[in-house]
Amino acid sequence: MTDSYLNAVNAGFTKTLAKKLGLPQPAVLRRYEPGAPLVPGPVLVVGGTPGVHDDADDVAAALLRWDLDVRQAPADASERWGAVVVVLTGAERPGDVSQAVLAVAGHLRSLARGGRVVVLSRAPGDDDAPAIAATRQGVDGFVRSLAKELRGGATGNGVQLTAGAQVGDPAVLAALHFFLSAKSAFVDGQLLRVGDGPAWDASGFDWSQPLAGRVAVVTGAARGIGAEVARTLARDGAKVVVVDVPAAGEALTAVANEIKGTALQLDVTADDAGARILEHARARHGGLHVLVHNAGILRDKLLANMTPEKWDAVIAVNLESQLRITEHLLEVGGFSETPHVVSLASTSGIAGNRGQTNYGFSKAGVIGHTRAHARLLAPLGGTANAVAPGFIETDMTASIPLVPRQVARRASSLQQGGQPIDVAEAIAFLASPGTTGISGQVLRVCGQNLVGA
Ligand code: NAD
């Protein structure tokens with residue numbers, strides 16, 4: 001699916017015209033290409049206290065290990081920064097953040113196209129004293145507002161460390177790596193909570209093949225987001241089982257062949273769906289480490305006009321199937337070691353959407369079971385997370401009438417719809433071994449959609 005407006009305002013006469021008329025000018029986003037640098041320029045780390053070894057120094061050291069060109073504030077204001085990393089983990093009173101925040105201000109105009117601002121801070125906790133609670137929650141509002149000010153496809157996101165987590169923990173570094181990279185192109189204004197998680201040996205870890213040796217199952221993978229998730233997990237080294245309804249069998253086989261995976265024709269609402277998925281994954285690939293609940297449908301109607309068929313179908317595919325399949329795998333001990341479950345939610349399940357009471361229920365339900373599954377998977381060293389796409393260019397959104405479709409595209413900080421690859425990259429990140437400290441979270445891939453942002 002293409003956004004012809006985006007192409008028009010980025011080339012030739014129509015680019016000049018759009019500028020003169022003050023029309024939205026969405027940037028072409030920086031997306032992952034193998035071998036391309038992690039960030040488009042040097043990285044500035046701010047927030048440290050000169051002369052004192054602190055978290056900012058540890059973050060700078062980690063970035064150096066990724067072969068990045070790293071500087072610490074104060075720095076040359078004429079530099080074109082690929083990223084600015086703001087370390088606020090030591091802040092305990094609102095006044096503690098001023099110096100770092102104002103140091104960032106001086107460099108924002110020289111952030112490269114597709115640049116990144118990533119803020120590391122402590123997550124607010126239930127037992128925080130008022131000043132600490134205010135400071136930590138304040139960072140949330142700061143990140144979301146700053147992200148709305150960035151231009152040229154640059155994004156701003158936050159990593160919030162929960163009690164016990166340290167900046168050098170694998171999951172913290174994995175989150176930082178993801179937010180800096182082009183893989184997070186359509187993730188903007190988001191704060192991801194990261195705990196300490198079990199120890200993970202990153203020595204010898206191949207960041208270009210993070211899923212090597214893992215077996216993944218992706219439902220609804222014949223087209224759209226699911227097909228792209230399957231391709232991305234395969235790119236990252238996983239053996240992938242693609243699942244979709246028999247009616248989509250031909251397209252499903254094509255995806256399976258393309259990625260050297262296997263196809264399972266199955267309606268995910270079938271009573272034995274969990275058993276058949278497990279049987280296939282074990283028989284063909286010897287296990288099941290990653291489960292992506294992606295199959296989903298829309299049956300939009302105002303509640304006043306809702307029919308039992310439309311309500312029930314959406315709940316059955318989008319929510320009940322996910323519950324039953326995961327329930328079966330947990331019951332029979334079907335998951336292989338350190339499993340990762342990633343489920344597709346939606347911004348409609350967070351902010352609500354007119355005409356989508358059924359869909360909104362199902363997607364909010366996904367967020368609910370994700371939190372509960374995080375607890376159930378923890379004893380296995382596993383995680384459960386949800387990804388909530390905003391407007392993504394697929395067949396599903398192509399069916400939205402022209403005017404609301406254009407409005408939905410522009411109603412985000414990045415002023416465009418995302419691509420299936422953007423959702424796929426977020427899922428691949430949450431499925432990768434280093435992320436064990438990230439669980440029960442909802443990561444929005446919505447370009448900071450202004451609705452419920
Ligand atoms: P899509 O309609 O293009 O693809 C969905 C796939 O799921 C299809 O191949 C379909 O055959 C399959 N499917 C449907 N019912 C099934 C069943 N009972 N059993 C097995 N497979 C089934 O949709 P998409 O846009 O790629 O969306 C994928 C997921 O992302 C969905 O869960 C959707 O709700 C969610 N999502 C999409 C967007 C968006 O903007 N496209 C936004 C938010 C959330």
Side-chain angles (χ1 to χ4, degrees), residues 1 3 186-187 217-232 241-256 263-274 276-277 280 291-300 312-325 342-353 356 358-367 370 386-400 404-405 408-409 411-412 416-424 426-427 442-447 449 451-452:
M1 308 305 127
D3 176 355
F186 201 60
V187 180
V217 172
V218 184
T219 68
R223 68 176 200 186
I225 292 172
E228 204 58 32
V229 172
R231 289 185 192 104
T232 307
V241 179
V242 289
V243 178
D244 212 300
V245 287
E250 210 173 307
L252 189 69
T253 305
V255 175
L264 173 61
Q265 292 187 13
L266 171 73
D267 183 330
V268 292
T269 63
D271 286 343
D272 62 348
R276 287 189 53 201
I277 285 172
H280 179 105
L291 174 60
V292 182
H293 287 300
N294 165 79
I297 57 170
L298 290 174
R299 295 287 183 272
D300 292 1
D312 291 342
V314 167
I315 305 306
V317 177
N318 296 6
L319 186 56
E320 282 283 8
S321 74
Q322 298 192 2
L323 286 170
R324 281 217 306 277
I325 292 169
V342 188
S343 307
L344 268 288
S346 163
T347 48
S348 298
I350 299 171
N353 204 9
Q356 291 198 323
N358 50 356
Y359 189 75
F361 182 101
S362 73
K363 295 302 187 179
V366 168
I367 294 170
T370 294
V387 166
F391 183 97
I392 306 296
E393 305 281 355
T394 68
D395 289 321
M396 192 183 256
T397 47
S399 65
I400 300 172
R405 180 155 28 104
R409 276 179 175 140
S412 74
Q416 60 194 287
Q419 294 295 330
I421 185 66
D422 300 326
V423 183
I427 291 171
V442 185
L443 179 58
R444 292 175 56 154
V445 183
C446 66
N449 198 305
V451 180

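Small disclaimer: the values here were computed from a predicted structure and weren't measured. Excluded from the calculations below are hydrogen atoms, water molecules and symmetry mates; all remaining heavy atoms, backbone and side chain alike, are included. Read the numbers this way: they start at 1 and go in the same order the structure lists the ligands and their atoms.
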Any donor and acceptor pair, going by atom type alone, linking the side chain of S348 with main-chain N or O of N353 inside 3.5 Å?
-> no

Closest approach of any protein heavy atom to atom 35 (C) of ligand 1, naming residue and atom | Y359 OH, 3.8 Å

Can you find a non-hydrogen atom of G390 under 4.0 Å from ligand 1?
-> yes

Look at atom 31 (C) of ligand 1 and say which protein heavy atom is nearest, naming residue and atom and giving the distance to 0.1 Å.
-> N294 O, 3.2 Å

closest protein heavy atom to atom 43 (C) of ligand 1 is P389 O, 3.4 Å

With heavy atoms only and a cut-off of under 4.0 Å, state how A345 meets ligand 1: side chain, backbone, both or neither.
-> backbone

What about T397: any of its N or O atoms under 3.5 Å from an N or O on ligand 1?
-> no

Could an N or O of ligand 1 be found under 3.5 Å from any N or O of I392, whether backbone or side chain?
-> yes

Could an N or O of ligand 1 be found under 3.5 Å from any N or O of D267, whether backbone or side chain?
-> yes

Going by the 4.0 angstrom heavy-atom rule, the piece of I225 near ligand 1 is both

Strictly under 4.0 Å, does any heavy atom of H293 approach an atom of ligand 1?
-> no

For D244, check side-chain hydrogen bond (donor to acceptor under 3.5 Å, both in side chains) against everything at least two apart and list the hits.
-> none

Report the residues that fulfil side-chain hydrogen bond (donor to acceptor under 3.5 Å, both in side chains) with T253, sequence neighbours left out, ordered by chain and then residue number.
-> none

Would you find a donor on one side and an acceptor on the other, under 3.5 Å apart, between the side chain of K363 and the backbone of L344?
-> yes

Between CD1 of I277 and CG of D272, what distance do you get to the nearest 0.5 Å?
-> 9.5 Å

Test side chain to side chain contact (heavy atoms under 4.5 Å, CB included) applied to N318 and I297, step by step = CA-CA 7 Å; N318 296 6; I297 57 170; 3.9 Å; yes

Is any N or O atom of V268, backbone or side chain, closer than 3.5 Å to an N or O atom of ligand 1?
-> yes

Spacing of L319 atom CG and H293 atom NE2 [to the nearest 0.5 Å] = 10.0 Å

Any sub-3.5 Å donor-acceptor pair from N449's side-chain atoms to T347's backbone N or O?
-> no

Going from CG on D271 to OG on S321, what distance comes out if it is rounded to the nearest 0.5 angstrom?
-> 12.0 Å

Using a heavy-atom cut-off of under 4.0 Å, does the side chain or the backbone of E393 touch ligand 1, or both, or neither?
-> neither

When you look for heavy atoms under 4.0 Å from ligand 1, do you find them on the side chain of T394, its backbone, both, or neither?
-> side chain

Within the structure, does V243 bring an N/O atom to less than 3.5 angstrom of an N/O atom in ligand 1?
-> no

Of the protein's non-hydrogen atoms, which lies at the shortest distance from atom 16 (C) of ligand 1, and what is that distance?
-> V245 CG1, 3.8 Å

Near L344 (heavy-atom distance under 4.0 Å), the atoms of ligand 1 are 29 (C), 30 (O), 32 (O)

Ignoring hydrogens and angles, tell me if any N or O in the side chain of T219 forms a donor-acceptor pair with the backbone of N294 under 3.5 Å.
-> yes

Looking only at N/O atoms, are D395 and ligand 1 under 3.5 Å apart anywhere?
-> no

Polar contact flag for R223 and ligand 1 (N/O pairs, less than 3.5 Å) = yes

Indicate yes or no for a side-chain donor-acceptor contact from R324 to the backbone of T269 under 3.5 Å, with no hydrogens or angles considered.
-> yes

Close side-chain approach of Y359 to S346, heavy-atom, < 4.5 Å | yes

Which option out of L298, D244, V242 puts a heavy atom nearest to atom 10 (C) of ligand 1?
-> D244

Could you go through the side chain to side chain contact (heavy atoms under 4.5 Å, CB included) check for R409 and E393 one step at a time?
-> CA-CA 9 Å; R409 276 179 175 140; E393 305 281 355; 2.6 Å; yes

Would you mind checking which non-hydrogen protein atom is closest to atom 6 (C) of ligand 1, with the distance to 0.1 Å?
-> G220 O, 3.5 Å

In this structure, atom 14 (C) of ligand 1 is nearest to the protein heavy atom I297 CG2, 3.7 Å

Can you find an N/O atom of V317 closer than 3.5 Å to an N/O atom of ligand 1?
-> no

With rounding to the nearest 0.5 Å, note down the distance linking CZ in R223 to OG1 in T394.
-> 7.0 Å

Which protein heavy atom lies closest to atom 23 (O) of ligand 1, and at what distance to 0.1 Å?
-> M396 CE, 3.6 Å

Pick, from A227, G296, G224, G226, the option with the minimum heavy-atom distance to atom 5 (C) of ligand 1.
-> G296

Should L266 be listed as contacting ligand 1, given a heavy-atom distance under 4.0 Å as the test?
-> yes

Note: ligand 1 atoms sitting under 4.0 Å from heavy atoms of S346 are 43 (C), 44 (C)

When only distance counts, is K363 in polar contact with ligand 1, meaning an N/O pair under 3.5 Å?
-> yes

Rounded distance [0.5 Å steps], CG in L266 versus CD1 in I325 = 7.0 Å

